[in-house]
Each structure stands twice: as C-alpha cells, then as structure tokens.
Amino acid sequence: MRASVGDRLLVHGRVEGQPDRSAEIVEVLGPEGSPPYRVRFEDGHETLMSPGPDSVVRHSGSED
C-alpha cells in the first residue's frame, strides 16, 4: 500500500450494516509512501493507522 499526503483512506465496514469510513491522509510516516499514516476523519478526529486488507487508498486527483 502506497499513499501521499492528501490521498483518502477508505476503511470498509467490518460487519453488515456498518458504514464505510473515509479519512484524509495528513502525514505519511513510513518509507516511500508506506504505512503508518496519520489520518483525519470528517469529524476532525485524528489517529495513527496501519491499514489492513479492509482499507483502500484513493489517490488525490483520481476519479475512482
């Protein structure tokens, strides 16, 4: 997984009915764009994440 500041991290819900969550990547702490990432969710909460297989990076400027 590779990301840059400004990309979005989409975390899929793990159980039925749980919504996906999206966060902006505000800092990349691993080498060459690898995790961990400091992310900011829409409610302003920031946390450090090492995303698992339930997560996808949406690169800024992409039209996914």
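All values below come from the heavy atoms of this structure, side chains included, with hydrogens, waters and symmetry mates left out.
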Is the shortest heavy-atom distance from the side chain of Glu46 to the side chain of Arg38 under 4.5 Å?
-> yes
Do Ile25 and Leu10 belong together in a cluster built from hydrophobic side chains that touch within less than 4.5 Å?
-> no
For Arg2, which residues count as a side chain to side chain donor-acceptor pair (under 3.5 Å) partner, sequence neighbours excluded?
-> none
Could you state the interatomic distance from CD (Glu42) to CD (Glu24), rounded to the nearest 0.5 Å?
-> 10.5 Å
Using the test side chain to side chain donor-acceptor pair (under 3.5 Å), find all partners of Ser34 that sit at least two apart in sequence or belong to another chain.
-> none
Residue list, salt bridge (charged side-chain N to carboxylate O under 4.0 Å, His left out) with Asp54, at least two apart or on another chain = Arg14
Kindly give the cluster partners of Leu29, where membership spreads through any ILVMFWY side chain lying under 4.5 Å from a current member.
-> Leu48
Which residues share a salt bridge (charged side-chain N to carboxylate O under 4.0 Å, His left out) with Arg21, sequence neighbours left out | none
Is Phe41 reachable from Val28 through a run of hydrophobic residues whose side-chain heavy atoms are each under 4.5 Å from the next?
-> yes
Heavy atoms of Val57 and Ala3 approach each other most closely as CG1-CB, 3.9 Å
Does Glu27 reach the side chain of Val39, with side-chain heavy atoms less than 4.5 Å apart?
-> no
Hey, what do you get for CE (Met1) to OH (Tyr37), rounding to the nearest 0.5 Å?
-> 6.0 Å
Which distance, rounded to the nearest 0.5 Å, do you find between the CZ of Arg8 and the OG of Ser60?
-> 10.5 Å
Nearest heavy-atom approach of Met49 to Thr47 is CG-CG2, 3.7 Å
So do Leu9 and Pro51 actually touch side chain to side chain, heavy atoms under 4.5 Å?
-> yes
Find out if a path of hydrophobic residues (ILVMFWY) with successive side-chain heavy-atom gaps under 4.5 Å connects Val56 to Val5.
-> no
Say you draw a straight line from CG of Asp7 to CZ of Arg58; how long is it, rounded to the nearest 0.5 Å?
-> 11.5 Å
